[in-house]
Amino acid sequence: MKQEINEERVAALIRELLIELGENPNRPGLLETPDRVARMYQEVFEGIRYSNHEIAEKFGKVFEEVKTGSLVTVTHIPIFSYCEHHLALMYNMDVSVGYIPNNKVIGLSKVARIADLVGKRLQLQERIGDDIREILEEVLDTKDIIVVIRGEHACMTSRGIRKPGTITKTASLGGIFETDIPLRQEFYSLLTMG
């Protein structure tokens with residue numbers, strides 16, 4: 001695990017950024033902003049401090065000797081992240097995971113914790129799915145995993161082309177999900193169920 005960010009240094013850099021943007025960091029509304037942003041960055045970028053392997057170790061509690069070959073799904077996990085290209089928020093993100101157990105199942109809350117921590121990095125939506133799948137492969141000792149993500153990107157909706165409501169959907173497929181189209185369709189159908 002990497003060390004926590006230097007909040008004092010980040011606050012100083014935010015203060016400089018405010019000056020460069022033409023703001024007065026000494027005006028009442030901005031006086032405490034650099035410190036608040038530094039504390040926020042400590043929280044929203046927590047995932048940067050962990051490798052995928054470390055996340056797998058942190059949330060790798062499984063129940064073994066589970067005799068099932070049936071599809072397990074955990075759907076509609078809300079997360080957020082920040083785009084590594086613009087440092088813009090990726091929001092209204094919805095992560096859904098499916099896997100075929102290999103004599104192991106993971107505690108359901110652990111899937112949500114993994115998704116949450118992976119999102120707390122400078123990311124691409126495609127990489128979020130790949131990272132979650134990679135971590136689950138290590139924890140569950142199977143490649144038979146699918147991760148689907150739906151999200152909105154501020155770099156698309158509030159700047160540049162400015163198209164609010166535009167949705168990006170990505171899928172990261174491993175093992176049997178790459179070739180078994182009926183299984184993949186079963187997973188997708190479960191996403192639409194209430």
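Inter-residue side-chain proximity for Ile77 and Asp94 is flagged as unmet; no heavy-atom pair is nearer than 4.5 Å. At a threshold of 4.5 Å between non-hydrogen side-chain atoms, the residues Lys58 and Met1 do not count as touching.
A distance-only check finds a donor-acceptor pair linking the side chain of Gln42 to the backbone of Ile5 [under 3.5 Å]. Between the side chain of Arg121 and the backbone N or O of Tyr50, at least one donor-acceptor pair lies under 3.5 Å. Using modelled atom types, no side-chain atom of Lys169 and backbone atom of Gly151 make a donor-acceptor pair closer than 3.5 Å. No donor-acceptor pair closer than 3.5 Å links the side chain of His85 to the backbone N or O of Cys155. Judged by distance alone, the side chain of Glu54 and the main-chain N or O of Ser51 form a donor-acceptor pair under 3.5 Å. Put simply, the side chain of Asp144 never gets that close to the backbone of Gly175: no donor and acceptor are under 3.5 Å apart.
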Going through the checks in order, is the side chain to side chain contact (heavy atoms under 4.5 Å, CB included) test met by Tyr99 and Val147?
-> CA-CA 9 Å; Tyr99 69 95; Val147 180; over 6 Å; no
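Under a cut-off of 6.0 angstrom, the local environment of CZ in Arg113 is sparse, with at most 12 non-hydrogen atoms contributed by other residues, nucleotides or ligands. Atom CD of Glu126 has more than 12 neighbouring heavy atoms from other residues, nucleotides or ligands inside a 6.0 Å radius. Enclosure of atom NZ in Lys163 is not indicated, since only 12 or fewer non-hydrogen atoms of other residues, nucleotides or ligands lie within 6.0 angstrom. Residue Glu32 qualifies as open at atom CD: its count of foreign heavy atoms under 6.0 Å is 12 or below. The 12-atom threshold is exceeded at CG of Leu21, counting heavy atoms of other residues, nucleotides or ligands nearer than 6.0 Å.
Taking each heavy atom of Asp35 and Ala11 in turn, the nearest pair found is OD1-CB, 3.5 Å. Residues Gly119 and Ile79 come closest through the heavy atom pair CA-CD1, 4.3 Å. When all heavy atoms of Asp141 and Asn102 are compared, the pair lying nearest together is O-ND2, 2.8 Å. Minimum interatomic distance between Glu134 and Asn52 (heavy atoms only, all atoms of both residues): OE2-ND2, 3.0 Å. Across all their heavy atoms, Glu152 and Asn92 have their closest contact at OE2-ND2, 2.8 Å. Nearest heavy-atom pair across Ile14 and Tyr41 is CD1-CE1, 4.1 Å.
Met156 belongs to a hydrophobic cluster with Ile161, counting contacts under 4.5 Å between side-chain heavy atoms of Ile, Leu, Val, Met, Phe, Trp and Tyr, direct or through other members.
Separating the CE atom in Met90 from the CG atom in Leu122 is a distance of 8.5 Å, to the nearest 0.5 Å. Residue Leu117 holds its CG atom at 8.5 Å from CZ of Arg49, rounded to the nearest 0.5 Å. Summarising the geometry, atom CZ belonging to Arg15 is positioned 5.0 Å from atom CD1 belonging to Ile19; distances are rounded to the nearest 0.5 Å. Rounded to the nearest 0.5 angstrom, Leu173 CG and Asp180 CG are separated by 11.5 Å. With values rounded to the nearest 0.5 angstrom, Ile146 atom CD1 is found 12.5 Å from Leu136 atom CG. One distance of note links CD of Glu20 with CG of Leu17; it measures 8.0 Å at 0.5 Å rounding.
Using modelled atom types, one finds no donor on one side chain facing an acceptor on the other under 3.5 Å when comparing Ser81 with Tyr91. Between the side chains of Gln125 and Arg150, no donor N or O sits under 3.5 Å from an acceptor N or O.
Checked for salt-bridge contact, Lys120 and Asp116 meet the test: a charged N lies under 4.0 Å from a carboxylate O.
Of the listed residues (Val148, Val74, Val118, Ile132), just one forms a side chain to side chain contact (heavy atoms under 4.5 Å, CB included) with Val95, and that residue is Ile132.
In this structure Glu137 satisfies the salt bridge (charged side-chain N to carboxylate O under 4.0 Å, His left out) test together with Arg133, Lys143, sequence neighbours excluded. Partners of Tyr82 by ring-ring contact (aromatic ring centres under 6.0 Å, His included), not counting sequence neighbours, listed by chain and number: Phe45.
The hydrophobic cluster containing Leu89 does not contain Ile149, counting ILVMFWY residues as joined when their side-chain heavy atoms lie under 4.5 angstrom apart, directly or transitively.
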